[in-house]
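Provided herewith is a single structure, encoded as structure tokens, for subsequent inquiry.
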Amino acid sequence: RPGLHMEGVCLQHGDGTETVQALDNVDLVVRPGELAAIVGPSGAGKSSLLAVAGGLARPDRGTVTVAGIDITAASARTRAKLRREHIGFVFQSGNLVPALTALDQLRLPLRFRPRRERSGRSALALLEDVGMADKADRYPHQMSGGERQRVGIARALVTGPSVLLVDEPTAALDRARSHDIVRLLAREARQHHVAAVMVTHDHDVLEHCDTVYEMIDGRLAALG
Ligand code: ADP
Ligand code: ADP
């Protein structure tokens with residue numbers, strides 16, 4: 001089962017006295033090459049969904065499979081390996097390391113893998129892909145917001161992940177730049193056969209996504 005599969009996923013936050021049902025019986029399938037968007041009000045459970053899909057939080061119930069591997073049943077060690085090899089994260093404003101050039105941002109995740117696992121894509125080819133090859137030696141403070149986000153996307157893809165988890169990628173961008181970035185995400189997902197899930201408040205960019213879901217009070221529903 002390639003891609004991302006979530007079935008009957010429930011997650012509760014808090015202790016016995018005050019609990020919040022952050023995820024309430026969530027089913028979600030994202031196929032390789034697909035960009036799925038999740039919209040919904042603040043507090044709806046969108047971050048919780050990304051955390052569970054990324055193996056950062058273990059659900060109370062349900063299963064999550066990434067690239068055919070059930071991460072809910074996996075040991076901490078296997079989950080860490082799965083995150084490293086099969087999951088890429090893209091954050092709000094790129095989350096780049098200030099002291100590294102664009103090219104070194106991409107080399108960094110490769111450096112933390114054993115040599116035999118370095119089967120990811122070439123860093124420079126990916127910078128080319130996202131239109132940043134001519135700015136490979138720039139530091140984050142020399143990049144615009146859109147450029148930082150492009151590098152963040154390239155960095156998430158450099159290890160060759162099966163699943164890409166994207167948190168509010170356009171939060172810091174103007175309208176035109178937002179469209180560019182989500183178009184780029186859709187294209188990269190297709191080109192690299194990655195199952196991409198993007199959480200967003202930005203209804204403007206949904207037109208570039210293959211599927212759209214709405215999350216309310218921990219429940220996920222497809223939007224027509
Ligand atoms: P969203 O990303 O859509 O804003 P979240 O997944 O962050 O939603 O939060 C879902 C619900 O879970 C909210 O009611 C939030 O207050 C609650 N929540 C999130 N994280 C925690 C936590 N660590 N402890 C307690 N409650 C939490
Ligand atoms: P955008 O139109 O993408 O928001 P900006 O208007 O911020 O970009 O920047 C325009 C160009 O100037 C970009 O190509 C960017 O690389 C470059 N640039 C922005 N800030 C700096 C900087 N501090 N040093 C060098 N080049 C910069």
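Note that these values count all heavy atoms, side chains included, but never hydrogens, waters or copies made by symmetry. Residue numbers start at 1 and run along the sequence shown. All ligand and atom numbering here is 1-based and tracks the order in the structure.
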Subject >> Results of ring-ring contact (aromatic ring centres under 6.0 Å, His included) for His208 - residues two or more places apart only >> reply: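 If we apply the ring-ring contact (aromatic ring centres under 6.0 Å, His included) test to His208, skipping adjacent residues, the hits are His179.
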Original post:
Checking side chain to side chain contact (heavy atoms under 4.5 Å, CB included) for the pair Val205/Met198: CA distance, chi angles, key distance, verdict?
Top reply: CA-CA 11 Å; Val205 299; Met198 172 180 72; 4.2 Å; yes
Subject >> Backbone N/O of Thr170 and side chain of Gln149: donor-acceptor pair under 3.5 Å >> reply: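 Checking the backbone N and O of Thr170 against the side chain of Gln149, no donor-acceptor pair under 3.5 Å is found.
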Subject >> Neighbour list for ligand 1 [protein residues, heavy atom under 4.0 Å] >> reply: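 Protein residues near ligand 1 are His13, Val20, Ala22, Pro41, Ser42, Gly43, Ala44, Gly45, Lys46, Ser47, Ser48.
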**OP:** Report the residue from Asp129, Leu126, Ile181 that forms a side-chain contact (heavy atoms from CB on, under 4.5 Å) with Arg150.
**Re:**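 With Arg150 as partner, side-chain contact (heavy atoms from CB on, under 4.5 Å) holds for just one option, Ile181.
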Show every donor-acceptor pair shorter than 3.5 Å between a side-chain atom in residues 99-106 and any protein atom, with sequence neighbours excluded, or say none if there are none.
from, atom 1, to, atom 2, distance (Å)
Thr101, OG1, Asp104, N, 3.2
Asp104, OD1, Arg107, NH1, 3.2
Gln105, OE1, Val97, N, 2.9
Gln105, NE2, Val97, O, 2.8
Gln105, NE2, Leu100, O, 2.8

With a 3.5 Å cut-off and sequence neighbours excluded, list the donor-acceptor pairs that the side chains of residues 44-64 form with protein atoms.
from, atom 1, to, atom 2, distance (Å)
Lys46, NZ, Gly40, O, 2.9
Lys46, NZ, Pro41, O, 2.9
Ser48, OG, His13, NE2, 3.1
Arg58, NH1, Thr72, O, 2.5
Asp60, OD2, Gln12, N, 2.6

